[in-house]
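Please read the structure below before turning to the comments.
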Amino acid sequence: MNEVEVAELKSDDRTITIVGAGGDGVVTFGDLLAQSAAHAGLHVVLTESYGPQIRGGEASATVRIASREIGAPGDAADIVVVLRWDDFERFRGEIAFAPGALVLHEPPADGAAIPTLDTPNVRLVPIPFAELSRGAAGSPGARNIVALGVVSQLLGLPPETIRAAISHRFRAKGSERMEGNERALAAGQAVARDLAPTVDLALSSAGGAPRPLLSGNEAVAVGAIHAGCRFFAGYPITPSTEILQFLSESLPRMGGTVIQTEDELSAIGAVIGASFAGARAMTATSGPGLSLMTEMLGLASMAEIPTVIVNVQRGGPSTGNPTKTEQSDLWHSLYGTHGDAPRVVLACSDVEDSFHATVEAFNIAEEYQIPVILLSDQSIGQRKQTISGSALEHEVVQRALPSAQDLEKYERYRETENGVSPMSVPGIRGGEYQTNGLEHDASGRPASMYLTHEKMNAKRYRKLWPIRESYRFFRRLGPERADLGIVCWGSSLGAVREAVTAANARGESVAAFVPRMLYPFPKKDFEKFLASVGRLMVVELSYTAQFYRYLRSFMNLPEQTRVYKRSGGKPLTAREVEESMTTLFEAPVTRAVA
Amino acid sequence: MNEVEVAELKSDDRTITIVGAGGDGVVTFGDLLAQSAAHAGLHVVLTESYGPQIRGGEASATVRIASREIGAPGDAADIVVVLRWDDFERFRGEIAFAPGALVLHEPPADGAAIPTLDTPNVRLVPIPFAELSRGAAGSPGARNIVALGVVSQLLGLPPETIRAAISHRFRAKGSERMEGNERALAAGQAVARDLAPTVDLALSSAGGAPRPLLSGNEAVAVGAIHAGCRFFAGYPITPSTEILQFLSESLPRMGGTVIQTEDELSAIGAVIGASFAGARAMTATSGPGLSLMTEMLGLASMAEIPTVIVNVQRGGPSTGNPTKTEQSDLWHSLYGTHGDAPRVVLACSDVEDSFHATVEAFNIAEEYQIPVILLSDQSIGQRKQTISGSALEHEVVQRALPSAQDLEKYERYRETENGVSPMSVPGIRGGEYQTNGLEHDASGRPASMYLTHEKMNAKRYRKLWPIRESYRFFRRLGPERADLGIVCWGSSLGAVREAVTAANARGESVAAFVPRMLYPFPKKDFEKFLASVGRLMVVELSYTAQFYRYLRSFMNLPEQTRVYKRSGGKPLTAREVEESMTTLFEAPVTRAVA
Amino acid sequence: MSAELPIFQPADYKSDLKPVWCAGCGDFGVLATLHRAMAKLQFEPWNTVVVSGIGCSSRLPGYVSTYGFNGLHGRALPLATGIKLARPELAVIAVGGDGDGVAIGGNHFLHSARRNLDIAYFLMDNEIYGLTKGQAAPTTATGEKTKSTLWGNPEPSVDPCELAISSGATWVGRGFSGDPKTLLELMTAALEHHGFAFLNILSPCVTWKGEKQFKELRGKLRPLPEGYDPSSRIAALSFTRETDTLTTGVLYETSEPSLLDRIGEVRRRALEEGPIASTRELLESFVPRFEETGSKGAAGAGQA
Amino acid sequence: MSAELPIFQPADYKSDLKPVWCAGCGDFGVLATLHRAMAKLQFEPWNTVVVSGIGCSSRLPGYVSTYGFNGLHGRALPLATGIKLARPELAVIAVGGDGDGVAIGGNHFLHSARRNLDIAYFLMDNEIYGLTKGQAAPTTATGEKTKSTLWGNPEPSVDPCELAISSGATWVGRGFSGDPKTLLELMTAALEHHGFAFLNILSPCVTWKGEKQFKELRGKLRPLPEGYDPSSRIAALSFTRETDTLTTGVLYETSEPSLLDRIGEVRRRALEEGPIASTRELLESFVPRFEETGSKGAAGAGQA
Ligand SMILES: Cc1ncc(C[n+]2csc(CCOP(=O)(O)OP(=O)(O)O)c2C)c(N)n1
Ligand SMILES: Cc1ncc(C[n+]2csc(CCOP(=O)(O)OP(=O)(O)O)c2C)c(N)n1
Ligand code: SF4
Ligand code: SF4
Ligand SMILES: [Mg+2]
Ligand SMILES: [Mg+2]
């Protein structure tokens, strides 16, 4: 599962951001643009951002469209559509402009001033979206469709696809609405044709067959189904809820079962129960729920019950920033729960990877009878991204049941070389046993003698060695030898990949190592990586640099190691990574978080 | 609060262990011996151990008595009283004999063989305890009193004290019982007098005034009361329950309030609520309860509410070994809960220290508005130990309330240099605010912008610096420069102290560093220590070497570093430490836990 | 102060934070009525604490000018317990959603009611999870399609009033956010009750239950029968698990010692029989003494 | 098999682990009766799972020869939920103490009852925390002195049967471990019930409540009145919160679709209206298609 990538430079790659108030159709604009591009066979990443309002507040959507595979949301917009300048202000800190970006904006009412933008060479193009909508559809309600007309035309997306997408979307709304939309679209396209001579943003290469477009959360759900998961228990929590929702719709259609429990303690309890009974079972949550699952995580570890826990990270601590991304649940995933409790921690880095990592989570959990935490985050879980058609191939591993010989005198926790003992499940005659969160002997009976405890700890931890050996997955980017090595994890991969590509294109020499299994850690491979680079930069979205501290705890890092870390709240950008490549090694080392 | 000790060699120091079946009065023997010795002004440590039976199973008690201060339970017995050999077998792994130990045993029934003991020079002395009891008291029920007679006489404890202790204990049982006990005691004393010519175990120096004898859990409770704690919420859990029990009896007598909640989530919730309302409040639990408090820990951190959590560690993970000690809740205490959530972690090392550490926990929590986890463990919490009379002096720090000026435009989370903002409490007019587990701005209002999040993370973590500076407590044992340095924490101090003393007495050169604040870590002091020693040995009772991994995460350790670690289940002994001092540095380094 | 000249007007209890709620949300009505109830009872803002969990409804403390604690999902009541027990003189009001109070927070609801904790608890029941965008709650009807029950909710619903009564609450009422007159009466009575007062307020969610929820609830509204006697637990239970009606009013009311009464009694006895003056005195109790005199306190010296 | 020649004798359900319980503990009676009930119903040990939490009583699964899960304190029911839903053909029995089930596990009790989960739940109620050596439980009487209430318990107690009824349990009974004849009948009926069957078994703790508890409970024993009709929730509630009597028998019994019935119905409909054959088919549903045809399934293609 290792992967060594030498990424190519960004080209034929456009990012479009739209901002507006609730009711302006910002989200619909994003959806339609993303779906049309995916339908046209292009690669797409769609992200959204909202204000605090439950519904109807300001919103922004960003669509990145490229003819080559892309792994991250766009971070600098080539086109920004501003439906209202007030709302633009709310997202200002989150929107970056590419040099020379085109700002298609509603002219401010009453000649109010346009806020100064700090990117040079931005080109402001006033377009009276509301007025055009009124003219075309009788109300300003189709202003997003006007904008879609402008943008899709500038990008050179097939007009018939856009039209089909719109008509599909509004098919329930009657023909009058549809005709208004058609006219609004045409009005936008006309504006674009006028701009065409001075704007060159068309995507040159047309795509191929339509591509699936789905969110990271949906990819997790599909991965679980692929891995044979037929039992899911969960409790709603942003930004993971789509997993529960998708599975509650899909699993029954495959004969499976979903239960929405009263809380997260019960959710993981039901999953452990189902797994004890032989089902492949999963739960999904976010930070607060993961914290509530802490005691049960230890039970799964102690009783050696396969358990898959997907944690879609958001801003923490506590209730934190529920709709924003962060990578600060790492420590809890690695170290949470009292006692010495082995578990496996995986991380996915984008939508397609969410599928694969979920299947791996099941494979490891079932083969090694151990809880597996899969870390995703808001920026993966809730973005929509196209994946390759062949994505959904991934081998599925089964749990080892006791043999006839094992059943002659069945011992659930029999000593074995790799620590894995055949696991009986109810229904198997002769395999009856009682399991236990108390320390126990080979048969599962409570045992408090300290030698038993030592022996059983050793048995449970021994399983990590073969896991480390057989699942050494990580990604390595960039040249084989490099001056600078970057190590990061999870969703940071996208921005790091682009930064590495750009740096090497500029003639710098930068490589990156991105583990997909965080615990046990692919240490040997990382050591090899370290031997191939000069300096090291650790990149992560956690105020306390959880990943860096974790790496230190079992590895000696190069003397020239620097950490680029910050709180989450917005996804990592390639720009930040590129800037810190130089600034961090120039600046004196500042004191760390205590 | 730092302390540099140069301990003296063990002398006038005896350890007595007794084993028997339920109903043999093993626990009463231990109690009476310990109380008598404490009454006589000697230093005492009493520990007990039980089989799995809820009540009435086999038991053992170990009393260590010395004329000098001692910090650990006895690990090698000078006298072992075996009331039944069957029961001895159950504890065999836990009982170590001092060279030349005296084994006072009931002769095996029907001439059954006595099990071979692996310590050389052990002296077996058959004493018909049951028969002597029958002769003296009419039943074998006073065999423990016979044994008490033998042992107290051999140790040279004042006979009138023993008699007073017995009569006080059985005062409700009537005079007949008392007379039987008197005769049983005399019978034992007579046996001892016969043995006297060949046994030299008398404690030469008589003690002074009677000393308080209490458990670590009781010392925590007394410390809390001293610190002004008037609100306690908890849920019973071994081995911490005595804190709840003691406070539910004592706090009302001081006008305070105790509530036994429905679970641990509620216990810490009530503590956070009480503290928000201005009370000094605490909860106490053990591993499983701490795991359940995980989400609330993050709330206290985020909302900056003083919170004291005492965690008396037991064997983990999961329900684990509830009655056995271990040091494996360190990681969870340091890293548990999602997000970047600052907290302080303290550790106490013996009974007297439990008092002081509890007061410090309150001081830090109140001064810095932060959750403080105090780690004790079963071997401290449930041992009984004498403390010095002057122990109970410790300054108490108060929370900073807002000034009149602050209240003019009160901002609960106002930026300040050290991160601490004056905290208003209900009742203060003009200080009204709403607090929040959501990320918030200076006034406490929900705020999801990433710059606010970064700023607030920085504010909350900034508090750790002054804590580290002003509470640099640790203990340093041994000579100022040494070949070998040992670092350990918590209850390991006792065994390490004895090992260090013995080694230096033998002419080796060994020092030790024992932090009492684990997070933030007294890094500078430890660096100084490292500079003063050659090799380093880390000692801990955790299968995964949690402490060692933690140290690595922020410090470079000497190249010649070795770890002596094992699962808990029985307390660390000086013997283990002494042995590993040499063996570990001779053996090749083995692979670590994954 | 005289009734004509109240010091605090409802507006004085409004904070200057604008609610994030959707236009038309039932919670606006609850908030406005709470402001009025507080004014009616002349609560001093600085001696009042509003505590909540997490949810749309749990945002309420931010919109009240008193002290407030917007806590964790499901944990309003443990926080309220600590606040009230530590500072009995404060008025403590817990609020939150049906998911917050009856799903994840169900155990605290049960035990706060059992203990007869001296607070008022206002549940803003919209029969759905609002904040997380429309999943089934334990109050959602069987068969209903929600975001998490796309094939129809397979679970029966529970009546929070029934739970409160069986758990030991001493005052139980039901109100509707669209009927502010009755709601004001109910809130005021709940706030004045001695012990645990539970008020279930049907408060529609226009976004995830649609406009129809409001109309349907209003259509079902019924007052309690004339001369209804709320002192019978059994009688009160006949107004629970309603399907076609929505009876509002005080369903149950009884007079029992509250938790603070009982804890106060424990404290009084302890202070009378074995007061402790200082840590030193406490320490002394651990020194082994073999005199024949009984020791002070309930359990003897340090429970040794 | 004929009734005269059962394949399994009670002894066949005994494991060879010796109980750690104190001599005289009421739990011995519960265990022996459970062995007999299982034999009466001829449960196949390999198709039976006994699940518990933590406590003296929760040690029970270790003493039964079936599959067993000695789980976490308070969490027997979530585990049982997963086992039963994943493998409906298994017989699943949850057991545990009053602290386990009503204190820390109260919320799972409430919701398992509400859902009408298809299991039997036997609560071994000794009105105390046994394993941790004698602290008050939510079932301990007000005023009682225990290790954690040395000045008398300031909290009212709760009746687990009342909670079960109000939460939605469809079979609720009360038994006494010292009356094995009635207990056997009750256990058998509970195990045969379709849906959530809750049996509260008073099971004395000789160690922390003394020998007197046994006698007192026995003295209070009353059968239900002749001809009692257990189908009325309101009637059943009049046999809850008893103080001087201890009525044993089937207090409440009603027939409702169980959770498995309702989940089965959801599954049936989903499989009929939108079966999915493979991951590939699922993946296809994410490819944007703008044809006018409606998509399969309840929520449309991948909920996009
Ligand atoms: C431990 C935890 N689990 C889940 C969530 C996510 N969450 C927030 S509010 C909520 C439910 C909201 O429903 P309700 O309590 O009825 O309030 P409403 O929004 O309907 O007013 C959930 C599940 C959370 N914040 N914390
Ligand atoms: C999370 C957690 N909290 C507390 C405990 C300690 N504990 C074990 S059993 C028990 C209560 C026992 O009472 P009950 O459930 O009534 O069972 P009994 O022993 O009386 O049969 C408690 C508090 C624990 N094991 N886990
Ligand atoms: S989602 Fe529903 S409950 Fe939440 S604010 Fe909107 S209308 Fe109110
Ligand atoms: S302590 Fe009580 S409940 Fe536990 S085994 Fe002994 S008698 Fe039974
Ligand atoms: Mg709701
Ligand atoms: Mg009990």
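The basis for the numbers below is simple: all heavy atoms, side chains too, and nothing from hydrogens, waters or symmetry mates. Lettering follows sequence order; numbering is per chain, from 1.
- Neither the backbone nor the side chain of P288(A) comes within less than 4.5 Å of any heavy atom in chain C.
- Taking all atoms of both residues into account, the shortest heavy-atom contact from W151(C) to P252(A) is CD1-CG, 4.1 Å.
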Going through the checks in order, is the side-chain contact (heavy atoms from CB on, under 4.5 Å) test met by E155(C) and I259(A)? CA-CA 9 Å; E155(C) 302 191 6; I259(A) 182 165; 3.8 Å; yes
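- The distance from atom OG1 of T132(C) to atom CG of L244(A), rounded to the nearest 0.5 Å, is 9.5 Å.
- Among all heavy-atom pairs drawn from Y235(A) and G99(C), the shortest one is OH-O, 4.0 Å.
- One distance of note links OH of Y129(C) with OG1 of T241(A); it measures 10.5 Å at 0.5 Å rounding.
- Here the straight-line distance linking atom CD of Q260(A) with atom OG1 of T146(C) works out to 6.5 Å at 0.5 Å rounding.
- For a residue to count as touching a neighbouring chain, one of its non-hydrogen atoms must lie under 4.5 Å from one of that chain's; by this rule P19(C) touches chain A with the backbone only.
- Considering all non-hydrogen atoms of both residues, S318(A) and L72(C) come closest at OG-CD2, 3.3 Å.
- No donor-acceptor contact under 3.5 angstrom links the side chains of Q245(A) and S148(C), judged on distance only.
- By the neighbour-count criterion of 12 heavy atoms within 6.0 Å, atom CZ of R90(A) is sparsely surrounded, having that number or fewer from other residues, nucleotides or ligands.
- Distance CD/E264(A) to NE2/H73(C): 7.0 Å, rounded to 0.5 Å.
- Scanning both residues, W21(C) and Q53(A), for their nearest heavy atoms gives O-NE2, 4.3 Å.
- Cation-pi contact between K133(C) and Y50(A): present, with separation from the ring centre below 6.0 Å and deviation from the ring axis of at most 45°.
- I104(C) has its side chain within reach of L292(A): a pair of non-hydrogen atoms, C-beta onward, lies under 4.5 Å apart.
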